[in-house]
Student: 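I'd like to ask some things about the structure below.
First the proteins, then the strands, lettered A, B, ... as listed; each starts at 1.
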4 protein chains.
Amino acid sequence: MPPTGPPPAAGRPRLRADAARNRAQILAAARTAFRELGTAAPLDEIARRAGVNIATLYRRFPDREALIRQIVIDGFTVVLQAADTALATAPDGALASIEELLLHLVRERETLVLPLIGGPVTEDPEAVALQLQIAARLEDLLATARDQGAVRADATAVDLITTGALACRPLPYLPAEQAAALAERHVRIFLDGLPPTKARPLPPSPTNADLTSYWKAAKQPES
Amino acid sequence: MPPTGPPPAAGRPRLRADAARNRAQILAAARTAFRELGTAAPLDEIARRAGVNIATLYRRFPDREALIRQIVIDGFTVVLQAADTALATAPDGALASIEELLLHLVRERETLVLPLIGGPVTEDPEAVALQLQIAARLEDLLATARDQGAVRADATAVDLITTGALACRPLPYLPAEQAAALAERHVRIFLDGLPPTKARPLPPSPTNADLTSYWKAAKQPES
Amino acid sequence: MPPTGPPPAAGRPRLRADAARNRAQILAAARTAFRELGTAAPLDEIARRAGVNIATLYRRFPDREALIRQIVIDGFTVVLQAADTALATAPDGALASIEELLLHLVRERETLVLPLIGGPVTEDPEAVALQLQIAARLEDLLATARDQGAVRADATAVDLITTGALACRPLPYLPAEQAAALAERHVRIFLDGLPPTKARPLPPSPTNADLTSYWKAAKQPES
Amino acid sequence: MPPTGPPPAAGRPRLRADAARNRAQILAAARTAFRELGTAAPLDEIARRAGVNIATLYRRFPDREALIRQIVIDGFTVVLQAADTALATAPDGALASIEELLLHLVRERETLVLPLIGGPVTEDPEAVALQLQIAARLEDLLATARDQGAVRADATAVDLITTGALACRPLPYLPAEQAAALAERHVRIFLDGLPPTKARPLPPSPTNADLTSYWKAAKQPES
DNA sequence: GATGAATGAGTTTTCATTCAT
DNA sequence: AATGAATGAAAACTCATTCAT
């Protein structure tokens with residue numbers, strides 16, 4: 001259930017009902033096509049799957065970039081909501097909240113396609129803002145978990161983001177169900193490695209500044 | 001240092017020195033291009049990066065498939081060698097060997113491109129054989145580790161493969177060094193979750209049959 | 001000040017005030033766009049410049065042809081009025097009247113766009129009638145000038161038309177003011193060559209029949 | 001007979017014979033098409049007329065701009081050669097040389113298409129250099145003519161350029177022969193206005209700086 | 001063995017035109 | 001009367017592949 005409603009009051013007039021439906025169909029088709037064929041998927045193919053004319057697609061999204069951008073934003077919105085939910089339940093056990101969050105993302109993989117697979121693909125302010133908000137939520141979540149003694153001190157929000165991103169990336173050729181099962185097992189093992197441990201400390205993490213440059217990275221490869 | 005020499009005595013006459021050099025340059029360029037642009041990268045572009053004419057590329061690799069196939073085989077060869085090494089050192093501590101193996105793969109990420117990123121992209125017998133050999137080595141490795149009490153009973157070779165594959169997939173836009181650092185942290189946390197634990201058991205794993213169908217999956221998406 | 005009012009009582013009901021304004025804006029935008037982009041300028045673009053929806057343009061002008069036709073007629077109307085004025089002042093010195101006429105056209109270049117630049121672009125009876133009237137006025141003007149001994153015997157109305165047309169064609173990239181200055185100089189030198197002279201006679205002129213076929217030429221190129 | 005041979009030793013290797021033939025055919029087809037349909041003429045159409053595949057056209061000329069550029073340069077080369085010839089014969093009567101030059105251009109109209117019709121369409125250094133050389137030749141020619149007492153003092157090279165440009169611009173819809181006849185008459189009358197005269201002096205001419213900005217004008221309209 | 005060249009088959013993008021609101 | 005929306009058709013541009021040198 002990706003958010004495809006009209007962008008929140010962004011100066012633009014609300015779309016006519018049929019146009020809004022077309023727009024949503026285009027986004028859904030694009031998500032599927034990008035997942036299956038990469039972000040270089042032919043736009044006519046996307047239009048065909050959406051049941052609209054290619055020119056209609058172009059009317060809504062002036063270029064491939066714009067289409068990708070919307071999917072990224074929709075995906076990040078889903079992640080942010082999940083992070084908010086996790087944060088709300090954190091006082092009752094942050095580690096469980098984290099697990100819930102990561103498993104939720106794994107289950108929603110199909111929707112998240114680009115933000116997690118393709119990584120940040122735009123410097124669009126809206127997308128960047130969402131990313132920073134998500135990072136902030138994860139930091140809070142980890143802080144709570146650490147206070148509860150549930151998570152090792154050297155784990156960072158970046159580690160959670162990495163794990164979420166990796167686990168959501170489709171392992172190609174694997175049917176959705178099996179991919180989900182594998183991803184879930186992977187997340188579970190990872191989480192079992194997260195509590196405080198006598199194990200050697202982790203190697204140094206990239207800093208927040210690095211993360212930011214990561215989030216803001218300029219250009220996206222075509223796939 | 002990916003293996004780019006002529007495949008061992010496969011009936012084909014040895015290449016002339018300049019031809020061999022061209023072949024190696026083409027493979028190197030293809031690896032880079034596939035990583036950056038996906039496996040749909042224009043062959044023109046690959047030839048250009050390799051500094052040869054497109055027709056020369058075609059002489060060496062009759063189609064995109066053949067180019068991909070060689071890269072996959074080269075990659076699996078690297079993985080198999082690493083698995084062999086890990087197995088040899090396993091008696092002295094299998095968990096450390098596993099860690100060594102996974103971190104080695106992370107460090108060799110650039111070379112492994114297709115086998116791990118793109119997954120199996122061919123039904124080529126040579127590639128399939130390599131994959132099965134790798135799986136067998138990992139099973140042995142896990143068995144040894146279990147015997148040593150170092151690894152939980154419900155972890156499988158598939159989990160290791162998944163982890164290796166995920167950790168090697170490039171997080172786009174992240175500079176190589178930082179990507180490696182993150183991947184290493186991820187592997188380390190995962191490994192800390194691997195020993196026997198009182199935690200809930202893992203959800204069921206896809207079976208070996210599933211794995212095989214995974215390895216043999218018929219057609220590759222363009223990215 | 002091009003004439004853009006509704007054509008005089010042609011059976012059509014008078015336009016509503018806002019509709020008339022839209023119509024005028026469309027014509028103005030079309031003149032500019034045709035000048036800058038050629039007569040193949042996108043109708044979208046014209047509508048955009050006029051600040052109306054493309055469908056509104058289509059309501060007023062069923063096709064590109066109709067739009068062009070109106071601009072041509074407006075232009076010829078301007079030329080005819082100028083020729084009438086010239087004829088009225090001819091008894092006081094026809095050469096000066098001719099100069100006045102040509103310079104007037106040069107100054108009105110922006111308005112005349114199509115009739116002079118693109119030539120006759122329609123077989124529309126109204127346009128053809130205007131053209132014939134203009135030719136007749138110029139013949140009269142030349143006859144008067146010849147009677148006054150001010151113009152060589154072998155100059156024809158066609159020469160005047162040619163000169164007017166050429167001088168009005170925009171030399172691309174030249175700012176309007178400089179283009180006008182150059183055109184004025186050109187007309188002035190040309191006029192200095194117009195009086196009776198001992199110079200060799202001019203080569204034969206295309207006949208009136210040729211001119212007619214010129215005026216009536218069937219199809220317009222896209223630019 | 002436009003110059004279509006390989007560009008003078010411009011670093012590029014000489015074209016293969018068949019490629020050179022294709023290149024020449026493309027340029028010839030483009031000249032015709034641009035004349036008939038404007039510079040927005042479909043490139044498909046040009047390729048079709050040239051008897052080559054559209055991709056072949058793209059191989060030689062990466063975009064429409066490049067095609068236009070070459071035609072402009074070829075055209076200016078013709079003009080420069082004619083100006084050189086005129087200069088060589090100037091001592092025997094510069095006015096006759098000027099007439100010869102202008103009439104030559106009129107006769108070569110078909111070849112000159114873009115430089116004179118569309119004006120300078122590029123800031124390409126080669127094209128600009130040619131334009132400046134042409135202007136210099138015309139200055140010399142006028143200086144000689146003035147010394148001979150054959151041309152009024154206030155006529156400038158810019159006037160000659162204007163006249164050449166105007167006379168060469170096709171009056172649309174007029175068959176080539178008649179257009180040439182009219183153009184020739186026009187040039188002849190203009191030339192009869194060129195000798196010293198008691199007539200009022202001409203209005204001020206745009207300066208050389210203006211001319212230069214004219215020649216260098218950045219962007220070309222699509223027609 | 002290598003390359004310049006050409007091409008057919010896409011894919012992307014634009015535009016004239018119609019329709020429903 | 002005006003507009004948002006949709007579309008079919010065309011034009012621009014790219015790319016895999018083959019051929020002749």
Student: Round to the nearest Å and state the distance from B:Arg48 atom CZ to F:dC15 atom P.
Tutor: 11 Å
Student: Restricting to side-chain contact (heavy atoms from CB on, under 4.5 Å), what partner residues turn up for C:Arg48, sequence neighbours left out?
Tutor: C:Glu45
Student: Are B:Gln70 and B:Arg23 packed together at the side-chain level, in the sense that at least one heavy-atom pair is separated by less than 4.5 angstrom?
Tutor: yes
Student: Within less than 4.0 Å of OP1 or OP2 of E:dA2, is there a side-chain N or O belonging to B:Asn22?
Tutor: yes
Student: Could I get a table of every N or O pair under 3.5 Å where one atom is in the protein and the other is in nucleotides 17-21 of chain E?
Tutor:
residue	atom	partner	partner atom	Å
E:dT17	OP2	C:Tyr58	OH	2.7
E:dT17	O5'	C:Tyr58	OH	3.4

Student: What's the spacing between C:Arg21 CZ and C:Ile26 CD1 if we round to 0.5 Å?
Tutor: 12.0 Å
Student: Check D:Arg64 against D:Ala40 and note the closest heavy-atom contact, atom names and distance.
Tutor: NH1-C, 3.5 Å
Student: For C:Gly51 and A:Val52, take the nucleotide of DNA chain F holding the closest heavy atom to each; which residue's nucleotide lies nearer the 5' end?
Tutor: C:Gly51
Student: Whole Å only: how far is the CG atom of C:Leu57 from the C1' atom of F:dG4?
Tutor: 16 Å
Student: Just to be sure I follow the notation: if a pair is Watson-Crick (purine N1 to pyrimidine N3 plus N6-O4 or O6-N4) or a G-U wobble (N1-O2 and O6-N3), each under 3.5 Å, what dot-bracket string does DNA chain F give, with | for pairs to another strand?
Tutor: .||||||||||||||||||||
Student: Starting from P on F:dA12, measure out to CD1 on D:Ile68 and report it in whole angstrom.
Tutor: 11 Å
Student: Using 0.5 Å steps for rounding, measure from the CZ atom of C:Arg31 to the CD1 atom of C:Ile68.
Tutor: 13.0 Å
Student: Out of F:dA5, E:dA6, E:dT11, which nucleotide sits closest to the side chain of A:Arg60?
Tutor: F:dA5
Student: Rounded to the nearest Å, what distance is computed from the CZ atom of residue D:Arg21 to the C1' atom of nucleotide E:dA6?
Tutor: 12 Å
Student: Could you say whether C:Glu45 or B:Thr56 is positioned toward the 5' end of DNA chain E, judged by the nucleotide with the nearest heavy atom to each?
Tutor: B:Thr56
Student: Calculate, to the nearest 0.5 Å, the distance between atoms CD1 and CG belonging to B:Ile71 and B:Leu67 respectively.
Tutor: 5.0 Å
Student: Please tabulate, for side-chain N and O atoms in residues 51-59 of chain C, each donor-acceptor pair with protein atoms closer than 3.5 Å (sequence neighbours left out).
Tutor:
residue	atom	partner	partner atom	Å
C:Asn53	OD1	C:Ala55	N	2.7

Student: Tell me which nucleotide among F:dA12, E:dA6, F:dA1 gets nearest to the side chain of D:Pro42.
Tutor: F:dA12
Student: Could you give the CG-to-P distance, from A:Leu37 to E:dT11, as a whole number of Å?
Tutor: 11 Å
Student: My understanding is that only residues two or more places apart in sequence, or in another chain, count here; which of them pass side-chain contact (heavy atoms from CB on, under 4.5 Å) with A:Ala33?
Tutor: A:Ala41, A:Ile46, A:Arg49
Student: Just the rounded figure in Å: distance from C1' of E:dG4 to CZ of D:Arg59.
Tutor: 6 Å
Student: Please enumerate all residues that pass side chain to side chain donor-acceptor pair (under 3.5 Å) together with D:Asp18, with sequence neighbours excluded.
Tutor: D:Arg16
